[in-house]
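Reviewing the structure listed below.
The structure presented is a predicted model; accordingly, all values stated were derived computationally and were not measured.
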Amino acid sequence: MLTPTTLKTAEAEAAFRAHSADAAVVVAYGLILPKAILEAPRLGCFNVHASLLPRWRGAAPINRAIMAGDAESGVTIMQMDEGLDTGAMAMAERVAIGSDMTAGDLHDALARLGADLMLSAIAAAERGSLSLTPQPAAGVTYAAKIGKDETRIDWTKPWRDVHNHIRGLSPYPGAWFEIGGVRVKALRSTKGEGKGVPCTALDGSLTIACGDGAVRLTQVQRAGRQPMAAEEFLRGTKVEPGARLA
């Protein structure tokens, strides 16, 4: 197991070349691969990317797809080049994003799909039958890292935006709100019934009014506690109709 802090040194390049690898598989790796590394394996370096490229290049494609309200996502196997997720595409598969699906749910679905697709791509590359297609110039979007300033819930937004925000950040880093001075992460939600002043509870079941419509929280997590269903949370924290969240 080698865990280099950089791949840009002669020592790192030599260690990598010493494997005499036919191909390299890259998944969610935090270092940029320089040209010398990319060219070392005989067949090249292949990346499993959790989006339908060129949409959502970058660090947080799963989160950004859900936060944007995308109806589908997928995995793309690409042969890596020196750009940020700009390599030629080898294979891709689509996955529908359910209305209440979280980033964690989508991650797990794409992980299974990506593993199978990578095996197929490597096998095709070994046979010499892998077809590569350059990414189109149209439709490029970037999935920037999630910033801490993005995680607090803004209840003044329409319910759908709030819902997408919650599920797009679940389980990590987690969208959050405060009630009674206690920070609580919202991990799962669905469309709620009713309307009212944004940030206020419409019932005793964690249905919270938004700028347009409402969201009902179905799973939450108090700071320092395990995730719990809304019903369990409410047994220890009463939230009456009209209660205000921050």
Is [Y] reachable from [X] through a run of I, L, V, M, F, W or Y residues, each pair having side-chain heavy atoms under 4.5 Å apart?
X    : Y    : answer
W155 : V239 : yes
L245 : W176 : no
I37  : V25  : no
V27  : I62  : yes
L206 : L202 : no

Looking only at atom types and distance, does a side-chain atom of [X] sit under 3.5 Å from a main-chain N or O of [Y], one as donor and one as acceptor?
X    : Y    : answer
R167 : M101 : yes
E150 : G147 : yes
H163 : S99  : yes
D212 : W159 : no
T141 : W56  : yes

Side-chain contact, heavy-atom cut-off 4.5 Å: [X] with [Y]?
X    : Y    : result
F177 : L217 : yes
T102 : L187 : no
L106 : I66  : yes
P54  : P136 : yes

Discussion item. Between the side chains of R55 and D70, is the shortest nitrogen-to-carboxylate-oxygen separation below 4.0 Å, so that they form an ion pair?
Written reply: yes

Worksheet item: Are R17 and E13 within salt-bridge range, i.e. N to O under 4.0 Å?
Response: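 Salt bridge present between R17 and E13.
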
Looking only at heavy atoms, what is the nearest atom pair of [X] and [Y], with distance?
X    : Y    : result
C210 : P198 : O-CG, 3.7 Å
P41  : A23  : CB-CA, 3.8 Å
E178 : R152 : OE1-NH2, 4.0 Å
A214 : G194 : CB-O, 3.6 Å
L234 : G204 : CD1-O, 3.1 Å
A125 : F46  : CB-CZ, 4.2 Å

Decide if atom [atom1] of [X] counts as having more than 12 heavy atoms of other residues, nucleotides or ligands within a radius under 6.0 Å.
X    : atom1 : result
I32  : CD1   : no
Y29  : OH    : yes
R222 : CZ    : yes
R225 : CZ    : no
K8   : NZ    : no

Fill in: Polar contact flag, side-chain donor to acceptor under 3.5 angstrom, D154-H165
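Their side chains do not contain a donor-acceptor pair, so the 3.5 Å distance test is not met.
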
Which distance, rounded to the nearest 0.5 Å, do you find between the [atom1] of [X] and the [atom2] of [Y]?
X    : Y    : atom1 : atom2 : answer
M228 : F233 : CE    : CZ    : 7.5 Å
F16  : C45  : CZ    : SG    : 5.0 Å
S120 : E93  : OG    : CD    : 8.5 Å
S189 : R216 : OG    : CZ    : 9.5 Å
K35  : L33  : NZ    : CG    : 14.0 Å
L132 : M91  : CG    : CE    : 10.0 Å

Discussion item. If the condition is side-chain contact (heavy atoms from CB on, under 4.5 Å), which residues does P173 pass it with, not counting sequence neighbours?
Written reply: I146, T151, L169

Per-pair distances, 0.1 Å, donor-acceptor, side chain in residues 71-89, under 3.5 Å, sequence neighbours excluded:
unit_1: E72; atom_1: OE2; unit_2: R94; atom_2: NH1; d: 2.4
unit_1: T76; atom_1: OG1; unit_2: S51; atom_2: O; d: 2.7
unit_1: T76; atom_1: OG1; unit_2: L53; atom_2: N; d: 3.3
unit_1: Q79; atom_1: NE2; unit_2: L43; atom_2: O; d: 2.8
unit_1: D81; atom_1: OD1; unit_2: G83; atom_2: N; d: 3.0
unit_1: D81; atom_1: OD1; unit_2: T86; atom_2: OG1; d: 2.7
unit_1: D81; atom_1: OD2; unit_2: T86; atom_2: OG1; d: 3.3
unit_1: D85; atom_1: OD2; unit_2: G58; atom_2: N; d: 2.7

Worksheet item: Of the options T218, I166, T207, which is the one that meets T190 in a side-chain contact (heavy atoms from CB on, under 4.5 Å)?
Response: T218

